[in-house]
Structures are given as structure tokens and as C-alpha cells.
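This report concerns only the one structure given below.
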Amino acid sequence: MPITVLDHPLAADLLTVLRDQDTEPPLFRETAERLGYLLVAEALADMPGDEVEIMTPLETTTGSRLHHPIVAVAVLRAGLGLLESVLTLVPDAAIGFAGVQRNEETAEPMEYYTKFPTLEGARVLILEPMLATGGSLSWAIDKVKENGATDVTAVCVVAAPEGVSRMESDHPDVRVVSAALDRQLNPSFYIAPGLGDMGDRLFGTV
Ligand code: URA
């Protein structure tokens with residue numbers, strides 16, 4: 001399973017704002033969206049283009065339009081923090097949702113809601129900002145594969161080595177794009193140094 005960690009000063013700057021405990025939800029949401037642009041651009045970097053002939057104000061030329069369909073599946077609720085980035089860059093992307101809750105004792109995923117558009121033939125971006133144990137991401141990928149997805153990329157903000165290992169064994173065909181690969185999980189299954197609970201930081205819950 002290939003992992004791509006963004007190597008860009010802009011990504012590092014945005015990630016630092018997200019990691020800072022003093023960043024309040026409005027700036028956190030805005031910064032997550034900005035970082036999302038870089039992550040989504042990287043997740044689509046290997047997409048083929050469809051050659052088209054167009055007319056500029058001066059002459060005809062050959063251009064390239066992004067090959068479709070593209071689907072984004074937000075793993076609730078933290079994945080919502082990257083959804084606007086996808087929709088701004090790819091306004092006609094279809095959107096799905098995967099509702100999963102973490103069992104706080106075992107850290108295993110518990111499903112509560114799924115809704116997917118057609119996944120066959122699409123580049124499917126799974127928006128799962130925190131790749132911690134990998135349980136939720138692996139579960140979400142199982143679900144999209146069961147529903148026809150064959151071309152899946154995971155879009156993360158921070159990944160832990162434990163989650164990366166889990167992906168390597170469960171879904172070696174899935175590419176992971178992340179803004180950081182952190183040190184480890186702590187005993188409560190949070191990523192360290194991490195940025196805390198992404199959903200809480202996005203939405204101001206505790
Ligand atoms: N989910 C989060 O939001 N943060 C972590 O550190 C791990 C899982």
C-alpha cells in the first residue's frame with residue numbers, strides 16, 4: 001500500500017495551525033479546508049485527463065479535462081472537514097457518507113449509517129482525516145468495495161504507523177495520501193503528537 005506524505009511548506013504551515021491547541025473551531029475548519037485542497041490535488045495527481053479540442057479567443061487548441069466520475073466518501077464526522085475542499089476543486093463529484101463510531105474501549109468501528117452514489121468505475125476518495133488504528137478506514141474501504149469501488153484513495157490529515165500497517169495488510173491496493181505520518185498511538189488510541197479529536201476540533205464539541 002503506497003503512502004504519500006505531502007512535502008510542501010504550505011502543507012506544513014497549515015498542519016501546524018491545526019495541531020496548535022489554541023486554534024479555535026472557525027480557524028480550524030478554514031485551515032482544514034485549505035489543507036484539503038493540497039491533499040485532494042495530490043490524491044488526483046495520477047488521474048488521466050480526457051483530451052478535448054477547444055477554442056481560445058485566438059485559436060483552437062488541445063486541452064485536457066479531468067476524467068470522471070469522481071466520488072468522495074466522507075467518514076463521519078471528521079471527514080466532513082475535507083468535503084468542501086473536494087467540492088470546490090471538483091464541483092460535480094458525487095458524495096457518499098459512511099457513519100462509523102469508535103468503540104471507546106476497543107477502538108473498533110461501529111456502523112450507524114452509510115449512503116453511497118454509484119461507485120463502479122469511479123475514483124473514490126475516502127475522506128478519513130485521522131488514520132489512527134485504521135479500523136474505521138478499513139471498515140469504510142470494505143463498504144465501498146462491497147458496493148463496487150475498485151479505485152480507492154484514502155485522504156488523511158495525520159496518519160499513525162499503526163494505521164498504516166493495518167492498511168498494508170487489509171487493503172494493500174489502496175493509496176493513502178496524508179499531510180503527516182506521526183510517531184505513534186497513545187494508550188487511548190489518539191495519534192501523538194497529532195491534533196486531538198478532529199471532530200471535536202472542527203465542531204467545537206468536547
Ligand atoms: N481520531 C481523532 O480525531 N484523533 C485521533 O488522534 C485519533 C482518532
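Whatever order the structure lists them in is the order used to number ligands and atoms, beginning at 1.
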Exercise. Counting only heavy atoms not in D7, do more than 12 sit closer than 6.0 Å to its CG atom?
Worked result: no
Seminar exercise, completed: In this structure, atom 5 (C) of ligand 1 is nearest to the protein heavy atom Y190 CD2, 3.4 Å
Problem set entry | Protein heavy atom at shortest distance from atom 6 (O) of ligand 1 | I191 N, 2.8 Å
Exercise. Considering residues, nucleotides and ligands other than E51, do more than 12 of their heavy atoms fall under 6.0 Å from its CD?
Worked result: no
Exercise. Quick one: nearest non-hydrogen protein atom to atom 2 (C) of ligand 1, plus distance?
Worked result: M130 CG, 3.5 Å
Exercise. Can you find a pair of side-chain heavy atoms, one from C156 and one from V176, that are under 4.5 Å apart?
Worked result: yes
Problem set entry | Pair D173 + K145: basic N to acidic O under 4.0 Å | yes
Exercise. Under a 4.0 Å N-O cut-off, is there an ion pair linking R123 with D151?
Worked result: yes
Problem set entry | Residue M198 vicinity, atoms of ligand 1 by number, heavy atom under 4.0 Å | 2 (C), 3 (O)
Problem set entry | Proximal atoms of ligand 1 relative to A132 (non-hydrogen, under 4.0 Å) | 7 (C), 8 (C)
Problem set entry | Salt bridge flag under 4.0 Å for residues E24 and R29 | no
Problem set entry | F189: numbered ligand 1 atoms lying under 4.0 Å from its heavy atoms | 7 (C)
Problem set entry | Ligand-side contact atoms (ligand 1) for residue partner G196, heavy atom cut-off under 4.0 Å | 2 (C), 3 (O), 4 (N), 5 (C), 6 (O)
